[in-house]
Amino acid sequence: MASIFTKIIQGEIPCHKVAEDDRFLSFLDINPLAKGHTLVIPKKEVDYIFDLEDTLLTDLVLFAKKISKGIEKVVSCERIGMTVIGLEVPHVHIHLIPINSINDMNFSNPKVAMTKEELATLADSIASKLD
Ligand code: AMP
(Lines give C-alpha, C1' and ligand atoms only; values in the text may rest on other atoms or scores of the structure.)
Protein backbone atom coordinates (compact mmCIF):
# COMPACT_ATOMS: atom_id res chain seq x y z
CA MET A 1 0.00 0.00 0.00
CA ALA A 2 1.34 3.43 -0.89
CA SER A 3 1.95 5.67 2.13
CA ILE A 4 3.87 8.77 3.08
CA PHE A 5 6.98 6.58 3.12
CA THR A 6 6.43 5.71 -0.56
CA LYS A 7 6.55 9.45 -1.28
CA ILE A 8 9.79 9.69 0.71
CA ILE A 9 11.31 6.73 -1.16
CA GLN A 10 10.36 8.32 -4.47
CA GLY A 11 11.75 11.71 -3.42
CA GLU A 12 8.36 13.40 -3.67
CA ILE A 13 8.64 14.64 -0.11
CA PRO A 14 11.89 15.33 1.71
CA CYS A 15 13.47 13.42 4.55
CA HIS A 16 16.59 13.75 6.63
CA LYS A 17 18.35 10.83 5.00
CA VAL A 18 20.93 8.79 6.90
CA ALA A 19 21.55 6.00 4.41
CA GLU A 20 20.14 4.37 1.30
CA ASP A 21 20.83 1.47 -0.98
CA ASP A 22 18.81 -0.30 -3.64
CA ARG A 23 16.51 -2.03 -1.10
CA PHE A 24 16.54 0.07 2.07
CA LEU A 25 16.30 3.65 3.27
CA SER A 26 17.03 5.18 6.65
CA PHE A 27 16.04 8.67 7.77
CA LEU A 28 15.44 10.59 10.98
CA ASP A 29 12.01 10.38 12.55
CA ILE A 30 10.36 13.76 12.07
CA ASN A 31 8.90 13.65 15.58
CA PRO A 32 11.70 12.08 17.60
CA LEU A 33 11.41 10.45 21.00
CA ALA A 34 15.11 11.20 21.43
CA LYS A 35 17.82 12.98 19.52
CA GLY A 36 18.95 10.44 16.93
CA HIS A 37 15.61 8.58 16.65
CA THR A 38 15.93 7.00 13.23
CA LEU A 39 13.67 4.93 11.00
CA VAL A 40 14.84 2.10 8.77
CA ILE A 41 12.51 0.94 6.00
CA PRO A 42 12.53 -1.43 3.05
CA LYS A 43 11.72 0.23 -0.25
CA LYS A 44 9.28 -2.57 -1.02
CA GLU A 45 5.73 -1.57 -0.09
CA VAL A 46 4.77 -3.94 2.69
CA ASP A 47 2.66 -2.91 5.68
CA TYR A 48 3.48 -5.55 8.30
CA ILE A 49 7.05 -6.52 9.14
CA PHE A 50 6.26 -10.20 9.57
CA ASP A 51 4.87 -10.33 6.04
CA LEU A 52 8.36 -9.61 4.68
CA GLU A 53 10.04 -12.53 3.02
CA ASP A 54 12.83 -13.98 5.12
CA THR A 55 15.79 -12.56 3.21
CA LEU A 56 14.36 -9.05 3.13
CA LEU A 57 13.54 -9.18 6.85
CA THR A 58 17.02 -10.44 7.73
CA ASP A 59 18.74 -7.86 5.56
CA LEU A 60 16.53 -5.07 6.94
CA VAL A 61 17.71 -5.92 10.45
CA LEU A 62 21.33 -6.03 9.27
CA PHE A 63 20.86 -2.62 7.64
CA ALA A 64 19.41 -1.35 10.93
CA LYS A 65 22.46 -2.74 12.74
CA LYS A 66 24.76 -0.71 10.50
CA ILE A 67 22.73 2.44 11.14
CA SER A 68 22.68 1.86 14.89
CA LYS A 69 26.49 1.76 14.95
CA GLY A 70 26.54 5.15 13.29
CA ILE A 71 23.99 6.63 15.71
CA GLU A 72 26.05 5.36 18.66
CA LYS A 73 29.06 7.30 17.40
CA VAL A 74 27.14 10.56 17.32
CA VAL A 75 24.61 10.42 20.15
CA SER A 76 25.64 9.78 23.73
CA CYS A 77 23.50 6.94 25.13
CA GLU A 78 23.64 3.59 26.87
CA ARG A 79 22.53 1.74 23.74
CA ILE A 80 20.21 1.87 20.76
CA GLY A 81 16.75 0.48 21.39
CA MET A 82 14.95 -1.13 18.47
CA THR A 83 11.22 -1.46 18.15
CA VAL A 84 8.52 -1.93 15.55
CA ILE A 85 5.05 -0.48 15.97
CA GLY A 86 3.61 0.48 12.61
CA LEU A 87 0.16 1.58 13.74
CA GLU A 88 0.49 5.03 12.17
CA VAL A 89 2.25 4.48 8.85
CA PRO A 90 1.33 1.30 6.93
CA HIS A 91 4.82 0.66 5.60
CA VAL A 92 7.35 -1.49 7.47
CA HIS A 93 9.69 0.59 9.61
CA ILE A 94 12.09 -0.15 12.43
CA HIS A 95 12.54 2.55 15.06
CA LEU A 96 16.11 2.97 16.32
CA ILE A 97 16.11 5.06 19.49
CA PRO A 98 19.06 6.12 21.65
CA ILE A 99 18.16 5.11 25.21
CA ASN A 100 19.49 5.25 28.73
CA SER A 101 16.55 3.58 30.46
CA ILE A 102 13.50 1.52 29.57
CA ASN A 103 11.31 4.58 29.90
CA ASP A 104 13.11 6.15 26.93
CA MET A 105 11.25 3.65 24.71
CA ASN A 106 7.85 4.90 25.85
CA PHE A 107 6.10 6.42 22.86
CA SER A 108 3.83 8.36 25.21
CA ASN A 109 6.79 10.46 26.30
CA PRO A 110 6.98 14.05 25.07
CA LYS A 111 8.82 14.32 21.77
CA VAL A 112 12.07 16.23 21.33
CA ALA A 113 11.70 19.52 19.51
CA MET A 114 14.31 19.80 16.75
CA THR A 115 14.52 22.30 13.95
CA LYS A 116 14.91 21.21 10.32
CA GLU A 117 18.45 22.52 10.45
CA GLU A 118 19.26 20.46 13.56
CA LEU A 119 17.76 17.34 11.97
CA ALA A 120 19.70 17.91 8.76
CA THR A 121 22.97 18.36 10.63
CA LEU A 122 22.34 15.28 12.75
CA ALA A 123 21.45 13.11 9.73
CA ASP A 124 24.64 14.20 7.95
CA SER A 125 26.66 13.53 11.06
CA ILE A 126 25.30 9.98 11.48
CA ALA A 127 25.73 9.33 7.75
CA SER A 128 29.38 10.35 7.98
CA LYS A 129 30.02 7.73 10.69
CA LEU A 130 28.63 4.71 8.84
CA ASP A 131 31.00 1.91 7.88
P1 AMP B 1 4.30 4.04 13.84
O2 AMP B 1 3.66 3.73 12.51
O3 AMP B 1 3.34 3.99 14.98
O4 AMP B 1 5.52 3.19 14.09
O5 AMP B 1 4.80 5.55 13.79
C6 AMP B 1 5.23 6.17 12.60
C7 AMP B 1 6.45 7.01 12.86
O8 AMP B 1 6.80 7.64 11.63
C9 AMP B 1 6.27 8.10 13.92
O10 AMP B 1 7.33 8.02 14.87
C11 AMP B 1 6.33 9.39 13.10
O12 AMP B 1 6.91 10.46 13.80
C13 AMP B 1 7.17 8.97 11.91
N14 AMP B 1 6.91 9.75 10.70
C15 AMP B 1 5.69 9.99 10.14
N16 AMP B 1 5.84 10.74 9.03
C17 AMP B 1 7.17 10.98 8.90
C18 AMP B 1 7.96 11.70 7.95
N19 AMP B 1 7.42 12.34 6.91
N20 AMP B 1 9.31 11.73 8.13
C21 AMP B 1 9.87 11.10 9.17
N22 AMP B 1 9.18 10.39 10.09
C23 AMP B 1 7.84 10.34 9.96
Side-chain angles (χ1 to χ4, degrees):
M1 183 202 301
S3 71
I4 190 162
F5 289 174
T6 302
K7 289 188 163 63
I8 289 176
I9 292 163
Q10 294 177 344
E12 292 171 11
I13 65 170
C15 71
H16 298 289
K17 190 191 299 183
V18 170
E20 179 174 19
D21 69 10
D22 56 329
R23 290 181 300 160
F24 305 111
L25 177 65
S26 178
F27 50 96
L28 295 184
D29 194 296
I30 200 80
N31 201 15
L33 259 183
K35 183 183 164 191
H37 181 171
T38 303
L39 303 178
V40 181
I41 70 173
K43 291 186 174 177
K44 187 172 184 183
E45 275 179 8
V46 175
D47 176 359
Y48 182 44
I49 191 164
F50 295 127
D51 285 335
L52 290 177
E53 49 135 331
D54 290 355
T55 303
L56 197 57
L57 174 58
T58 304
D59 291 350
L60 175 69
V61 173
L62 292 175
F63 196 82
K65 175 182 176 181
K66 185 177 86 163
I67 304 303
S68 72
K69 299 294 180 190
I71 300 169
E72 284 171 3
K73 289 177 184 158
V74 174
V75 179
S76 173
C77 60
E78 180 98 4
R79 59 178 56 207
I80 305 300
M82 179 173 106
T83 191
V84 176
I85 300 175
L87 292 173
E88 182 186 322
V89 179
H91 185 121
V92 171
H93 51 285
I94 291 175
H95 293 263
L96 298 175
I97 304 170
I99 57 171
N100 295 295
S101 75
I102 191 168
N103 189 51
D104 294 338
M105 294 292 285
N106 183 348
F107 277 73
S108 299
N109 287 347
K111 304 301 187 289
V112 177
M114 293 182 69
T115 65
K116 279 184 187 169
E117 291 72 24
E118 288 171 329
L119 288 165
T121 301
L122 181 58
D124 288 348
S125 178
I126 296 169
S128 75
K129 299 292 185 190
L130 298 178
D131 289 332

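When a ligand or atom number is given, it counts from 1 through the structure's own listing order. Here, residue 1 is the first one in the sequence, and each next residue gets the next number. Note that the structure is predicted; figures quoted are calculated from it, not measured.
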Close approach, His95 and ligand 1, non-hydrogen under 4.0 angstrom: yes
Any Cys15 heavy atom less than 4.0 Å to ligand 1: no
Min side-chain heavy-atom separation Asp104-Glu78 under 4.5 Å: no
Pair His95 + His93: ring centers closer than 6.0 Å: yes
Polar proximity ligand 1 side, Val89 side, N/O cut 3.5 Å exclusive: yes
N or O contact, Asp29 vs ligand 1, cut-off under 3.5 Å: yes
Min heavy-atom dist Val84 to ligand 1 below 4.0 Å: no
For the student: nearest non-hydrogen atoms of Leu130 and Lys66, plus distance: CD2-O, 3.6 Å
N or O contact, Gly86 vs ligand 1, cut-off under 3.5 Å: yes
Numbered atoms of ligand 1 (with element) below 4.0 Å of Ile8, judged on heavy atoms: 18 (C), 19 (N), 20 (N)
Those atoms of ligand 1 less than 4.0 Å from some heavy atom in His93: 1 (P), 2 (O), 4 (O), 5 (O), 6 (C)
Ion pair Lys35/Glu118, N-O distance below 4.0 Å: no
Options Leu119, Ile13, Ile30, ranked by nearest heavy atom to atom 17 (C) of ligand 1, top entry: Ile30
Close approach, Leu28 and ligand 1, non-hydrogen under 4.0 angstrom: yes
Salt bridge present between Asp131 and Lys73 (N-O < 4.0 angstrom): yes
Greater than 12 external heavy atoms within 6.0 Å of Ile102's CD1: no
Proximity flag Phe107 to ligand 1, non-hydrogen atoms under 4.0 Å: no
Proximal atoms of ligand 1 relative to Ile4 (non-hydrogen, under 4.0 Å): 19 (N)
Heavy-atom closest contact (Ile97 atom, Ala34 atom, distance): CG2-CB, 4.1 Å
Note, Asp59 side chain near Leu62 side chain (heavy atom, < 4.5 Å): yes
Atom 15 (C) of ligand 1 - nearest protein heavy atom and its distance: Glu88 OE2, 3.8 Å
Enclosure of Arg23 CZ (heavy-atom neighbours >12, cutoff 6.0 Å): yes
Distance filter under 4.0 Å to Asn31 heavy atoms, resulting ligand 1 atoms: 12 (O)
